[in-house]
There are 2 protein chains.
Amino acid sequence: MRKRATAKQVAEAAGVSKWTVIRAFTPGASITEESKRKVLETAASLNYTPNLLARSLATNATHQVAVFVDDFANPQKLPFLETLTERLQAAGLVVMLININNHFDHVHALLHADQRQVDAIVLFGTAFRDETLTDHQLGRGMPPMFVLARDSQIDGVPAVVCDAELALKDIVDHLHERGYRRPGFMTGATVLSTALRRRQHFVEFWGKKGVHDVAVLSAEKYSAQAGAEAVRRYLNTTNATDRVDVLMCENDILAIGAIDEMRGKYGLRVPEDMAIVGFDNYELGGSSAYGLTTYEQPRHEMVEVIVGMITGRVDAETVTLPGKLVMRSST
Amino acid sequence: MRKRATAKQVAEAAGVSKWTVIRAFTPGASITEESKRKVLETAASLNYTPNLLARSLATNATHQVAVFVDDFANPQKLPFLETLTERLQAAGLVVMLININNHFDHVHALLHADQRQVDAIVLFGTAFRDETLTDHQLGRGMPPMFVLARDSQIDGVPAVVCDAELALKDIVDHLHERGYRRPGFMTGATVLSTALRRRQHFVEFWGKKGVHDVAVLSAEKYSAQAGAEAVRRYLNTTNATDRVDVLMCENDILAIGAIDEMRGKYGLRVPEDMAIVGFDNYELGGSSAYGLTTYEQPRHEMVEVIVGMITGRVDAETVTLPGKLVMRSST
DNA sequence: CACCTGTTTGCACCCGGTAGCAAGCAATTT
DNA sequence: AAATTGCTTGCTACCGGGTGCAAACAGGTG
């Protein structure tokens with residue numbers, strides 16, 4: 001069992017009371033330069049460092065933020081996690097990464113995070129329904145919660161999202177301008193409101209252009225594999241003449257899977273035979289093999305806002321931020 | 001400020017002492033069914049839950065594991081993080097994800113993790129040198145440290161790695177069998193011992209096949225971009241007849257960047273003009289656009305072992321596990 | 001030198017649990 | 001009926017710090 005020095009031990013060694021030691025480590029506390037120096041010296045020699053656990057208990061603030069993630073298949077999570085940890089750390093907060101899965105569901109995670117006294121909970125792209133809270137009377141006394149990169153369906157829980165309406169408007173404008181008139185949409189999940197919203201807006205903006213027929217392809221989950229399967233089903237059941245001329249996929253992973261399948265198994269060209277659009281601007285989509293036209297979420301701004309909410313600098317109200325269209329060779 | 005019920009409050013409400021309340025929440029504690037039921041009922045009505053912070057302080061065990069990551073550019077991190085969080089959570093441990101970067105270096109992170117009293121520190125693929133510990137006298141009293149997916153250069157700090165020797169042997173055997181005789185190697189970092197080792201073994205096993213000339217290409221970091229640049233420099237400075245017939249890239253990301261560049265800018269075919277091998281079996285490398293031959297690290301086994309070390313089930317000694325060669329169309 | 005003022009310092013008590021001992025109590029034994 | 005045994009329960013002490021108040025101390029003034 002390891003032993004660390006405590007404030008009391010430092011106090012004895014320095015010939016002061018433990019409170020003086022604590023003051024030496026409390027910025028702005030009332031203490032003379034002289035005794036502060038003395039304390040810091042003996043503290044250094046004893047290798048003393050304040051115990052943040054004890055401090056958290058006493059101050060009722062852990063400076064820990066639980067981040068719930070339930071979909072590690074989406075590579076987009078990684079850059080977001082990087083930015084999120086970096087900005088939170090810069091604000092003096094540390095991330096507790098919680099993997100929501102079959103063995104550790106939302107309710108477990110919520111209870112656990114609460115018991116650990118985290119300062120806030122970030123639902124990062126997790127599917128979290130209102131009932132989870134109401135069913136378990138978890139609402140009261142929970143740490144403040146925030147939803148990142150997905151709509152919040154929960155009353156009083158703000159979200160930070162990319163503006164889907166603007167995004168889809170930009171995309172549809174771009175496609176229309178390029179001359180496409182027979183659009184299709186590939187969904188990855190049929191239950192998520194964020195997914196539904198993208199599709200809704202896609203259909204809506206095509207409607208405004210006078211195009212009222214939008215084909216819908218369903219992938220089973222967000223993976224290249226699933227995207228490939230979805231497009232295969234579509235191509236197998238649709239005559240070449242009836243096919244869409246542009247397919248918007250709900251994210252880049254689906255799009256990449258779709259492109260591979262089209263080229264590899266069907267010898268189709270992108271964009272000549274069918275144009276493809278993705279979403280998220282995942283690094284590999286930008287490689288020359290795919291040249292995927294996509295839409296980039298304003299990651300840094302989103303993270304900045306959510307960190308602001310957590311630290312209280314920003315009002316905790318749902319924020320919608322504009323992203324930007326990334327045009328490449330696939331359209 | 002949120003208020004949670006405490007054991008004392010539950011005790012008063014239930015008409016017992018706070019220790020009886022605690023016992024009701026301590027598995028195997030000495031308490032009658034009767035009073036346990038009574039306590040649990042009033043606890044539920046008051047929405048009481050033990051405060052893990054206080055418990056950690058008293059028991060000197062936080063059940064938190066700090067995981068240091070300094071390279072979020074490598075997509076391989078994500079599946080590893082998924083597996084790691086899942087297995088640790090299954091063992092009752094929770095992950096504190098720490099982003100090591102310019103603003104928050106190893107020393108900061110180490111001190112911070114120590115102050116938070118974490119039970120263990122996992123250096124996940126981070127470049128961490130011996131001196132960091134010795135320079136700062138951090139050795140004494142630190143939580144136990146483990147290195148995941150990279151060699152440990154630190155005395156007394158065990159690592160869990162994929163067997164590089166076996167991997168490179170399998171790869172070279174495979175390439176030799178396929179008839180390649182002019183090999184090249186692309187490194188992503190020249191300072192990491194893991195990187196050096198792969199290259200060394202690559203050269204060594206070719207040597208055993210009687211091939212003593214291995215070209216070396218250096219990418220500046222691990223990104224598709226850097227891989228593309230490295231291969232561009234090579235192609236621009238090497239006559240077509242002098243070129244390698246197979247290029248092994250230190251990981252799949254470099255390989256994918258290299259393939260894109262070769263095909264896009266130079267019209268070269270893979271594997272006819274130059275075969276390519278990667279490392280890590282990253283999902284997209286398996287798409288039909290790349291068909292990248294690669295080597296897969298035994299992720300689940302590695303995580304299982306490191307979790308075993310952390311929980312003390314497994315002896316804390318460096319473990320080397322065999323991965324497996326994934327043959328595809330790029331060779 | 002006494003007096004006043006403002007800063008340091010020490011202290012009792014608190015944060016919410018855990019450990020281990022000793023008293024309380026019922027059932028069993030002699 | 002008294003003694004023994006074993007389970008419950010309450011209590012003191014403790015984990016390592018933080019808060020607010022009061023005592024101690026300095027420095028400047030009359």
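The structure displayed is predicted, hence computed values, not measured ones. In what follows, every chain begins at residue 1, and chains take the letters A, B, ... in the order their sequences are listed.
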Checking contacts here: which listed nucleotide ([options]) is nearest the side-chain heavy atoms of [X]?
X	options	result
A:Trp19	D:dG16, D:dG17, D:dT19	D:dT19
B:Arg23	D:dG17, C:dC21, C:dT18	C:dC21
A:Thr32	C:dT8, D:dG10, C:dT18	C:dT8
B:Leu57	C:dC15, D:dC15, C:dG17	D:dC15
B:Ala58	C:dG17, D:dT19, D:dT12	C:dG17

Write down the distance between [atom1] ([X]) and [atom2] ([N]), rounded to a whole number of angstrom.
X	N	atom1	atom2	value
A:Asn60	D:dG17	CG	C1'	14 Å
B:Arg4	C:dG16	CZ	P	9 Å
A:Arg37	C:dT8	CZ	P	15 Å
A:Glu33	C:dT9	CD	P	11 Å
A:Arg55	D:dG17	CZ	P	9 Å
B:Ile22	D:dC14	CD1	P	18 Å
A:Asn51	C:dG16	CG	P	17 Å
A:Leu52	D:dG18	CG	C1'	13 Å

hbond_proxy B:Lys18 side chain to C:dG17 base (donor-acceptor, 3.5 Å cutoff):
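Between C:dG17 and B:Lys18, which were checked side chain against base, a qualifying N/O pair under 3.5 Å is present.
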Does B:Leu52 reach the side chain of A:His112, with side-chain heavy atoms less than 4.5 Å apart?
yes
Can you give me every donor-acceptor pair (side chain of residues 61-78 of chain A, partner residue at least two apart or in another chain, under 3.5 Å) with its distance?
| residue | atom | partner | partner atom | Å |
| --- | --- | --- | --- | --- |
| A:Thr62 | OG1 | A:Gln64 | N | 3.3 |
| A:Thr62 | OG1 | A:Gln117 | O | 2.9 |
| A:Thr62 | OG1 | A:Asp119 | OD1 | 3.3 |
| A:Asp70 | OD2 | A:Ala127 | N | 3.3 |
| A:Asp71 | OD1 | A:Ala73 | N | 3.3 |
| A:Asn74 | OD1 | A:Gln76 | N | 2.9 |

Base, sugar-phosphate or nothing for [X]? Non-hydrogen atoms, less than 4.0 Å.
X	result
A:Lys8	nothing
A:Ser30	base
B:Phe25	nothing
B:Ser56	nothing
A:Ile31	sugar-phosphate

For a quick test of reading the model: is some side-chain N or O of A:Ser17 closer than 4.0 Å to OP1 or OP2 of C:dC11?
no
Are B:Thr20 and D:dG10 close enough that a side-chain N or O sits under 4.0 Å from OP1 or OP2?
yes
Identify whether the distance between the nearest side-chain nitrogen and carboxylate oxygen of A:Glu41 and A:Arg37 falls below 4.0 Å.
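Result for this pair is yes, salt bridge flagged.
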Tell me, please, which residues at least two apart from B:Ala44 pass side chain to side chain contact (heavy atoms under 4.5 Å, CB included).
none
Would you say A:Thr20's side chain and A:Val16's backbone share a donor-acceptor pair under 3.5 angstrom?
no
When you compare the side chains of A:Gln297 and A:Asp280, does any donor N or O come within less than 3.5 Å of an acceptor on the partner?
yes
